[in-house]
Amino acid sequence: MTLERAVAAFANRYDDSPEWVVRAPGRVNLIGEHTDYNDGFVMPMSIDRAVFIAGRNTGGDLVRIHSVDFGEESSFSLNDVAELAPAGDGWLEYVKGTAWALADSGRSLAGWEGVLLGDVPVGAGLSSSAAVELAVARAFHRGADWSWDAAAMAQLCQRAENSWVGVNCGIMDQMISACGKDGHALLLDCRSLQGQHVPLPDGVDVVVLDTSTRRGLVDSAYNERRAQCEVAACFFSVGALRDVDEETFANRMHALDETPRRRARHVISENARTERAAEAMRQGDARALGLLLNESHMSLRDDFSVSSEALDAMVECAQDQASCHGARMTGAGFGGCAVALVDADHTASFVEDTAQAYSTRTGHDPSLYLCRATEGAEVL
Ligand code: GLA
């Protein structure tokens, strides 16, 4: 997806050039899975697949938006946004929900019209919804008198998703879409929202491996995991599992029921792995980083129980390749994508051989693609 395509889509619709184009990226999480809502650590990177809005300010109170990908146009009035009720989970709800969260925070909003388009696959676990939210926030910011504070915007977009769309996600996806940096992943402390950009090791490519499987009921399984983590936090008498270290866990885990014990073991070990992974990246140690990814997958599969047959097959097919430093499922799980770290000299053959092995083994037709780490939400 390019700026040119966004400009062309606007021209096609309005017979004119847009006044502005904004872009917000999807993300792939390298490590730190199901830790954000436990106040822990994550290390996602924003990718070169993004949502674009090309638009112009209209000044009034109307927002009119045409989704190129869905072939639909919709509009809503900013005067009514406080009174509007959410209506399901279609693409427009992410637009309206973001307008609602911005307005509710006291920020003044002015109308605009434009086209929305992108190339973040929907439902694959690459955060297309966070990308839409951040792009919309950027679009409103264009005509406004308030300043762009990336972390505050991420929190408002999370609020749109939690309270408007009704998905109980953590803060990771919105933070990385807002704060990503070219060539870097973001080590984020999800409690303080302090982040450090960590460079990707030289000579390593990040490959996204889409299993082409999607599973329904992810939301209810996700909420169930969150509740189990809360039970475990309660057992340790802490506000969030972030506050339990590996030693405390080892000493007291035997008194905890098996399911919350497994969930807690994943979260506590994953937090430690994520900090170690950032260290390995700072050292440029792709091998150590890859091993941590492999361990993360096992923990998500065996203790957190959010992998799937397809994800396990994809991860194993990737790990079997000599050029692969490590691989794991990424995102909420149950289907969607895995991520692999690959020796950049052999990325093309890695992609071909892994896709072939996976499709022979499962009969699914996967999509594998190289991803570059890009800037977070921006005006182009
Ligand atoms: C989804 C949520 C994130 C995070 C991941 C799991 O992507 O939106 O907040 O919890 O799952 O790490």
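What you see below is based on every heavy atom in this structure, not just the backbone, and it leaves out hydrogens, waters and symmetry mates. Order of listing sets the numbers, starting from 1, for every ligand and every atom in it.
Ligand 1 has an N or O atom lying under 3.5 Å from an N or O atom of E33, backbone or side chain. For H34, a nitrogen or oxygen atom sits less than 3.5 Å from a nitrogen or oxygen atom of ligand 1, counting backbone and side chain alike. Where the criterion is an N or O separation shorter than 3.5 Å, residue side chain and backbone included, Y222 meets it with respect to ligand 1.
Remark: distances from the non-hydrogen atoms of R27 to ligand 1 include one below 4.0 Å.
Between K181 and E375 there is no salt bridge, since none of the side-chain N atoms of the basic residue sits less than 4.0 Å from a carboxylate O of the acidic one. Remark: D173 engages R27 in a salt bridge, criterion side-chain N to carboxylate O under 4.0 Å. Classification of R372 and D182 as a salt-bridged pair holds, one side-chain N sitting under 4.0 Å from a carboxylate O. Salt-bridge check for D189 with R242: passed, with a basic side-chain N closer than 4.0 Å to an acidic carboxylate O.
Atoms of ligand 1 lying under 4.0 Å from at least one heavy atom of Y37, given by number and element, are 10 (O). Ligand 1 places these atoms under 4.0 Å from at least one heavy atom of M172: 4 (C), 5 (C), 12 (O). Residue-ligand proximity, G170 to ligand 1, at heavy-atom distances under 4.0 Å covers atoms 9 (O).
With hydrogens and angles left out, the side-chain atoms of E72 and W91 include a donor and acceptor closer than 3.5 Å.
In this structure, the protein non-hydrogen atom closest to atom 8 (O) of ligand 1 is D173 OD2, 2.6 Å. When only non-hydrogen protein atoms are considered, atom 3 (C) of ligand 1 lies nearest to D36 OD2, 3.3 Å.
In this structure, the ring of Y222 has its center less than 6.0 angstrom from the ring center of Y37.
None of W148, W112, W20 except one satisfies the ring-ring contact (aromatic ring centres under 6.0 Å, His included) rule with H141; the exception is W148.
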